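What you see is a predicted model, and the numbers here were worked out from it, not measured in a lab.
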Amino acid sequence: MLSSNCPCTSAPAWAWGQQFKQNGGFDSMLNKLKRAALGAHTPHDKATAASKPVPMPLPAQVRILMSQHIGAPAKALVKKGDEVFVGTKIGEAGGFVSANIHSSVSGTVAAVEPFRLSNGRMCDSVVIKTDGKQTVDPAVKAPEVTDKASFLAAVRESGLVGLGGAGFPTDVKLQPKDPVDTLLINASECEVWLTSDTQEMLNCADDIVRGIEAVLKYTGIPKCVIGIENNKPECIDLLCQKTKDKPAIEVKPLPSVYGTGAELILIEKCLGREVPHGGLPAAAGAIVMNVTSVSSLGKYLATGMPVVSRVITVDGDACEKPQNLIVPVGTSYEDVLNTAGLKGGVILGKVVAGGAMMGPAVRDLSYPTTKTTSGLIMLSEAAAQPPQVNPCIRCGRCVEYCPMGLEPVEVNQAYAARDVQELGKLHVDYCFNCGSCTFVCPAKRPCTQMMGLAKAFYLGEIKKGGNK
């Protein structure tokens, strides 16, 4: 139900938007977030929350991409015929903003060849035929860390990136230009169906604490806040217990509202701070790490094993056995889905990589999993059918429920007119394509897709030196 000050109860959304700007607009984004950012109340569908991760059968081969992160692709270090082991470094970071890549299996390199990514670009990939032994590379051992320099070197060597979806190299994130006083752990996991982070907290709490303490110790950040949505009471209780004698670490329960996991929203809800327009979290005194990322760091510091597998939630109305699977990086989607199975008599209509709200539809099931693959959602043909789109009724729900306080109605008008200046005033670049506007739209309009197009157009024009 909409709140009493919802625009649809008093005036059209465009009129409310004019009043919104007259009252200060985006001059104080923080106030707008506190006042109006509701976020969508999506169904959680966390059916696999109690599903302890189990290893999937080893695939016959894996295809490991050299681009699994933001920044420059890694450079392949192996060639056809080379023998590799679990943890063998097969890709060297291709620049400062890049990440090392490691083999997830033991076996023989069958090919090093170009592969088309989901964004249309090409990158190198290493195809490895598995030998079924999963022999660990003898070079895998816990790193020697004594100071900040050796700590950052170890993080870079591990190839760790943000495992919440963005894939930003962690060693770069831990070297901010601005002073930082808080390490913020994103443990909200607000996406529909996904429970891999939940299981990471329940099964690897000690690794999470170890990773946090290492970051605080070697970067000099004085405190840490772990933000967890309150629909995960077991996780909150366990981490509170693990950190009760650690005053530098605070566990903060958060409202269970979709959109909480976005960095800007998380910083506002946990710290009461605003990230300046166009700035990084460090500009608000925070570094944000996903809970599985910091857990993986804790494991690497203890064992030397880099990220070579991921816990992936497989669920959806077409899935026979919804569960959390431990999947070697580079395994094809098809192999993962075959492990979970398709319900009898159900026609598979669509597979979504990631959460149902933000994840893209999969074009080819031969596509490999990466470090950032957190879920595969199997939708039946009926569930995959797009709804009938009706004319906009100016109800204002897209405005009311946007977690960033944006105005999709006005953005649509500005984009239709290709008005770069107006798109800038509307802060279209704040949109992170969460899907809330489409979810709440009673006319079933593709608001999120429109916002994505408007944002891409705006950023493209700005890059070309267009009207700001």
Side-chain angles (χ1 to χ4, degrees), residues 52-56 58 62 64 68-69 74 77 83-93 99-107 128 130-131 133-164 169-171 173-174 183 185 196-197 199-219 238-239 242-243 246 289-312 324-331 369-374:
K52 189 170 182 177
V54 295
M56 67 167 284
L58 191 66
V62 295
I64 301 178
Q68 302 186 36
H69 48 266
L77 298 176
E83 184 179 20
V84 296
F85 307 98
V86 178
T88 300
K89 185 161 73 171
I90 61 174
E92 183 79 41
N100 294 331
I101 306 291
H102 300 80
S103 175
S104 60
V105 297
S106 61
I128 304 171
T130 59
D131 60 14
K133 300 176 182 178
Q134 288 299 83
T135 306
V136 175
D137 194 308
V140 171
K141 59 181 180 180
E144 294 184 11
V145 176
T146 57
D147 55 14
K148 183 176 181 179
S150 59
F151 172 70
L152 292 174
V155 176
R156 185 166 182 81
E157 186 62 28
S158 75
L160 183 63
V161 300
L163 301 179
T170 302
D171 67 299
K173 178 179 288 189
L174 294 178
L183 171 65
I185 304 301
S196 56
D197 282 349
Q199 281 298 309
E200 193 74 23
M201 287 183 273
L202 293 176
N203 297 305
C204 306
D206 290 334
D207 296 312
I208 293 170
V209 174
R210 184 187 302 112
I212 289 172
E213 290 185 319
V215 173
L216 298 185
K217 177 180 179 180
Y218 294 112
T219 64
L238 178 58
L239 286 173
K242 294 289 185 180
T243 60
K246 303 180 186 298
M289 289 184 69
N290 169 266
V291 69
T292 298
S293 298
V294 77
S295 177
S296 298
L297 175 58
K299 293 172 186 173
Y300 177 77
L301 293 175
T303 66
M305 181 60 72
V307 179
V308 295
S309 64
R310 271 303 307 263
V311 174
I312 295 177
N324 286 300
L325 292 171
I326 302 173
V327 180
V329 171
T331 303
T369 62
T370 68
K371 298 176 185 179
T372 61
T373 305
S374 55

Across all chains, not counting sequence neighbours, the side chain to side chain contact (heavy atoms under 4.5 Å, CB included) partners of Q199 are K52, P53, L202, N203, N324

Only one of D207, T170, V215 passes side-chain contact (heavy atoms from CB on, under 4.5 Å) with L297; say which it is. V215

Nearest non-hydrogen partners of G159 and K371, listed with the distance: O-NZ, 2.7 Å

Output all residues satisfying side chain to side chain donor-acceptor pair (under 3.5 Å) with H102, sequence neighbours left out; order by chain, then residue number. none

With T373 via side chain to side chain donor-acceptor pair (under 3.5 Å) - residues at least two apart: T370

Tell me, please, which residues at least two apart from K133 pass side chain to side chain contact (heavy atoms under 4.5 Å, CB included). S106, D131, T135

Side chain to side chain donor-acceptor pair (under 3.5 Å) filter on N290, not counting sequence neighbours, yields D197

Sequence neighbours left out, what passes salt bridge (Lys or Arg N to Asp or Glu O under 4.0 Å) with D137? Give chain and number order. none

Measure across S293 and V161 and return the closest heavy-atom pair with its distance rounded to 0.1 Å. OG-O, 3.5 Å

So, using side chain to side chain contact (heavy atoms under 4.5 Å, CB included) as the criterion, who are the partners of S374 when residues are at least two apart? L194, S196, R310

Once salt bridge (Lys or Arg N to Asp or Glu O under 4.0 Å) is applied, do any residues pair with K141, and if so which ones, sequence neighbours excluded? none

Where is the tightest heavy-atom contact between I208 and M201, given as atom of each residue plus distance? CD1-CA, 3.8 Å

Can you see which heavy atom on V329 is nearest to which on I64, and at what distance? O-CG1, 3.8 Å

May I have the list of side-chain donor-acceptor pairs in residues 147-157 shorter than 3.5 Å, sequence neighbours left out?
unit_1 : atom_1 : unit_2 : atom_2 : d
D147   : OD1    : A149   : N      : 3.4
D147   : OD1    : S150   : N      : 2.9
D147   : OD1    : S150   : OG     : 2.8
S150   : OG     : T146   : N      : 2.9
S150   : OG     : D147   : N      : 3.0
S150   : OG     : D147   : O      : 3.0
R156   : NH1    : F96    : O      : 3.1
R156   : NH1    : D171   : OD2    : 2.9
R156   : NH2    : G95    : O      : 2.5
E157   : OE2    : K89    : NZ     : 3.2

Listed pairs under 3.5 Å, donor-acceptor, residues 299-307 side chains, sequence neighbours left out:
unit_1 : atom_1 : unit_2 : atom_2 : d
K299   : NZ     : E200   : OE2    : 2.7
T303   : OG1    : K299   : O      : 2.8
T303   : OG1    : M305   : N      : 3.1

